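A note on names: the letters A, B, ... follow the listed sequences, proteins ahead of strands, and every chain is numbered from 1. This is a predicted model, so every value here is computed, not measured. Atoms considered below: every heavy atom in the structure, side chains included; atoms not considered: hydrogens, waters and symmetry mates.
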Amino acid sequence: MSVSVVSYGVYLPYLRLKREEYISAWGSCSAEIKEKTVMDVDEDVLTMAVAAAKDALEHIEAEQVSVLALASTSFPYQEKVMAGTIMEALGLPSDVLATHHGHSTLAGTEALLTACSLLAQAGGKYALVVVSDAPSASTAQDIEHSLGAAACAFVLAKEEPGLVLEGAYGYVSEVMGVRYRQAGERGIRDIGVRSFAAQAYTRAVEAAVTGLLKKLECSSEAYRHVVLHYYDLRTTASLGKRLGFSEEQLKGGLVYERIGDTGACSTLLGLCQTMENISPGDRVLVCAYGAGSGSQAVGFVLEQEKPACKTPLSVLLEKKRYISYTHYLKLKGVI
Amino acid sequence: MEGVAIIGAGQTRYGDFPEKGLKELFAEAYFEMLASVDRGFDPQLIQAAYIGCLSAGSGFQLGQLAPLLMGHVGLPHVYAVRVENACASGGYALYNAACAIASGKFNFVLAAGVEKMRDVSSTKGRYWLGISGDTEYERLAGLTFAGIYALMATRYMHEYGLKREHLAMVAVKNHRHAVANPKAQFRQEITLERALSGPPVAYPFTVWDCSPTSDGAAVVLLCNAKLAKSFTDRPVYLAGFGAASDYLAVHDRHTITSLHATRKAAAEAYKQAGIGPGDIDFAEVHDCFTIAEIMAYSDLGFCEEGQAHRLLEEGVTQLGGRRPVNVSGGLKAKGHPIGATGCGMAYEIFRQLRGEAREPSRQIPNARFALSHNVGGSGGTAAVFIYRRGD
Amino acid sequence: MGAHISIPMYQRAIPQRYRLVGQKCVKCGKVNFPPKAVCKYCLSSAEFAPVKLSGRGTVYSYTVIAGGGAPPEFAEIARCKGRYPVALVQLEEGPVIIAQLVDVPEEEEIFIGMPVEAVFRKIYEEEGVIRYGIKFRPA
């Protein structure tokens, strides 16, 4: 059975914080961003999820959705089924098979892969994958500077033309990555050991990508676009190079600079970005990474039509209003 | 149907009275009412009392407020009931009392209203004030009470070319009127510039477009018209009274530049009195927000729809004008103790029609017919009364 | 706490609050929102079919609530935004609904007739439960 992405939706909050705001407040900005997205006071992971999913379902009958896979590291409740909110807001059938994925930035690809498998079980035509994230950390920490917010949603279908999933490869190890979060905490922490963490990232992503290439018997040149989990400019660029990918292959999915770190959403937003520049027959490779440590690589090929999209990412990147750092602190509940 | 007359009326000053509670305010107005009956009145004759109050349900006295207050003034056994229709509670108390006389069931009935609004923190005050609209929808859109009237004002400005200056003219006029009224909360003039530049509350309103929160009480004594002359040579007759409802939520209404409840209540009152808007010499209308007075002008028939602001420009409704409106200062400056307001309007008209406005400067000369208009919430209810000088 | 809306009271209206489900009168065909027991247009029929409203409409009227006067449930929003716009929105299908406006570049740019579309947002939080619902943004 083939499974393909037949439509997708993206959501970026309207508010943006510029790099300069960090520089004027703190003297420097520790993240390689030009600006990042910021949720308004009345937004959270679920409202962003609904917005992205609504767009993804623009031409799909909600009643035909039989699988709902949600992913976020920052759900608003520690215990409560989130699918109910999404189900009611979108008018999905209540017998939808629902799963929730969290605990690491791998949650996005995890949800995508789970939905693919569940679609085989489910009677209905479509699976809806919604990945929405807004990681947070104490504003006193450097790691906070990069944190943005976004959501994307994908409608998967059985045996239909679209972005067909060709294969996936996973990798798990016990090496600590750059960040983690203890039970009951809202903010992520940094282990503070840069080179050790970078090495863990490099090894995990490398293992998943090379594993996938081998499994699919593809060379690195076979991919038009490659989206690697963003670590930092230098680390990610040198990893890409080592894996045999050109700058041309890597640049199509780079969204970090204008959105920030969106946790579980990051690499899949990159996938959405590549959809704006893709032709039938093109292959896309996405590799997500979760600190802690694990990695999942997923390969796609575009068969016939591009997945439908109501409002592409490039348009959303221009719909914005800049806020001050003071306003940002108010939204974070700090002042 | 029996005729209805007012033979006595009393009212506390409206304002901020930390030393007085609901009972003390009510008693003060009650004793002034008794003293106002020209030939004296034995309170034991009172058979029923209708008492308007909103806040009784919000933490002061949960139930049975009316018997509590009647027991406080030595009438523990009369028929007594609280009436609640938000800001029209007093008007509805008066309406029910008038109907009770008209039906022939009772000969002597009290209509009263009381409110104690200044005892709560501003946060708690906002909690209970919010309930006068459709809480489930209006309130949960983050809308305040001022906000609902502000929506009406914005639309009115769009449809009829009303300017913010016209809204301010209502505030300036009513503040000027209140200066000479010893019962008013704010006895100071304001300038147009000040009214326009006050702190914003809800666009297009500044704080000067809004009535205040007030403590206060008003009590009116009604009797069967046939018996009135044994108590006074100068009764005031309730020649007509009407009351009507509308959808509570503004989103359910066909228009928001006119209050249907006011129009229907006014039509009923005019018909009963056998007169038209042109016969009204002066009026006390419900100006909880400045736009409310402007809408009332056309809803009560004083002008065509959308022409209300012309009356302000021409000075028709100011003291000395052709048809003064809110010479008491209105809710805006006399004050707005919610449950008392409707009965306080009747108090003002009773004094005016009897030539007892106290300060000669605010006495309307030779008036024969007057009208009062009391609105609940944003127009979910309205009561209109027409008064005739009894000579 | 006079205007407190309990969790069950809120949840009973979830279809209206989350996705604007209205009721189409079987007799006169007009759409009621929020629901009524008797159609508010023909005032005679009590039979309806549920209909999901598009969420597209135009501003019928609006105001901007100053922060200090916001209802207590909205203190958090008022604190962050200073003030916030609320509009009566006339939907394509006829009903007028009342909701906050979001993602407005400048309040001065709001006008009667402005096209808007529904968005799903947090309305407020009480008793630790987030109350979600509909707001509108410029379309």
Pick from [options]: which one has the most heavy-atom pairs with chain B under 4.5 Å?
| options | answer |
| --- | --- |
| C:Ala78, C:Pro85, C:Pro34 | C:Pro34 |
| C:Tyr124, C:Phe111, C:Tyr62, C:Tyr84 | C:Tyr62 |
| C:Lys40, C:Arg131, C:Met9 | C:Lys40 |

Validation row: B:Arg155, C:Leu88 side chains within 4.5 angstrom (heavy atoms): no
Validation row: C:Val96, B:Ile256 side chains within 4.5 angstrom (heavy atoms): no
For [X] and [Y], work out which heavy atoms get closest and say how close.
| X | Y | result |
| --- | --- | --- |
| B:Leu140 | C:Tyr10 | CD1-CE1, 3.7 Å |
| C:Ala66 | B:Pro200 | CB-O, 3.2 Å |
| C:Pro71 | B:Gly142 | CD-O, 3.6 Å |

Steps toward side-chain contact (heavy atoms from CB on, under 4.5 Å) verdict (B:Leu143, C:Thr63): CA-CA 9 Å; B:Leu143 208 54; C:Thr63 179; 3.9 Å; yes
Which bit of [X] is near chain B, if near means a heavy-atom gap under 4.5 Å: side chain, backbone, both or neither?
| X | result |
| --- | --- |
| C:Gln16 | side chain |
| C:Ile98 | both |
| C:Lys135 | neither |
| C:Arg17 | side chain |

Would you say [X] has more than 12 foreign heavy atoms packed within less than 6.0 Å of its [atom1]?
| X | atom1 | result |
| --- | --- | --- |
| C:Glu125 | CD | yes |
| C:Glu92 | CD | yes |
| C:Lys24 | NZ | no |
| C:Glu109 | CD | yes |

Residues of residues 156-172 of chain B with any heavy atom under 4.5 Å of a heavy atom in chain C: B:His158, B:Glu159
Per-residue contact mode, B:Tyr247 against chain C (heavy atom under 4.5 angstrom): side chain
